[in-house]
Amino acid sequence: MAKNAAVDLTIPEDVRENARKGLGLREEYGYGGTEVGEGTAELLAAGGKVTEEQVRHIAQYFPRHAHDNLGETEEQGKPSRGYIAWLLWGGDEGRAWSERAVEALDREA
């Protein structure tokens, strides 16, 4: 059996939904996140499994950006840039899932 094969890296549906929502908001408003975030959202929204490297990269996003303006709206009722970016990476559910996966991978190593 391959190293870390016991860790399920299937993208949960709620993470997929958050990524799709983030992509929709980015398209609608023309801002939020980066090209890397957009690519990550496309990966997450597509579903399936991610690699160990990908889930570790996703988990690393959240601590760096937890201080960003994550409020759902800013002035004039529009979503904040930070909120859209957070969703692109899977939102709160993406953070929880990726951190759990990394912890499991580290235990299996």
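Residues take their numbers from the sequence shown, with the count starting at 1.
If you take NE2 on H57 and CG on L43, they are separated by 10.0 Å, rounding to the nearest 0.5 Å. Here the CG-CH2 distance, from D14 to W97, works out to 10.5 Å after rounding to the nearest 0.5 Å. To the nearest 0.5 Å, atoms CD (E99) and CD (E103) are separated by 7.0 Å.
Taking each heavy atom of N18 and D92 in turn, the nearest pair found is ND2-N, 4.4 Å. Heavy atoms only, all atoms of each residue included: G22 and I84 are closest at O-CG2, 3.7 Å. For the pair F62 and G91, the tightest heavy-atom approach, listed with the atom from each and the gap, is CE2-O, 3.5 Å. Nearest heavy-atom pair across L23 and A45 is CD1-CB, 4.3 Å. Across Y31 and K78, no two heavy atoms sit closer than the pair OH-CB, 3.4 Å. Shown here for L88 and A19, the closest heavy-atom pair between the two residues is O-CB, 4.2 Å.
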Show me the donor-acceptor pairs within less than 3.5 Å that the side chains of residues 33-41 make with the rest of the protein, sequence neighbours left out.
unit_1: T34; atom_1: OG1; unit_2: V36; atom_2: N; d: 3.3
unit_1: T34; atom_1: OG1; unit_2: G37; atom_2: N; d: 3.1
unit_1: E38; atom_1: OE1; unit_2: R26; atom_2: NH2; d: 3.4
unit_1: T40; atom_1: OG1; unit_2: V36; atom_2: O; d: 3.0

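Shown here are the salt bridge (Lys or Arg N to Asp or Glu O under 4.0 Å) partners of E93, two or more places apart in sequence or in another chain: there are none.
Judged purely by distance below 3.5 Å, without hydrogens or angles, the side chains of Y83 and K21 pair a donor atom with an acceptor atom.
The shortest side-chain heavy-atom distance between R56 and L105 falls under the 4.5 Å cut-off. You'll find the side chain of R20 stays beyond 4.5 Å of the side chain of L44, heavy atoms only. T51 places none of its side-chain heavy atoms less than 4.5 Å from the side chain of L9.
Between Y61 and W89, the ring planes are parallel. Angles under 30° get that label, and only those over 60° would be called perpendicular.
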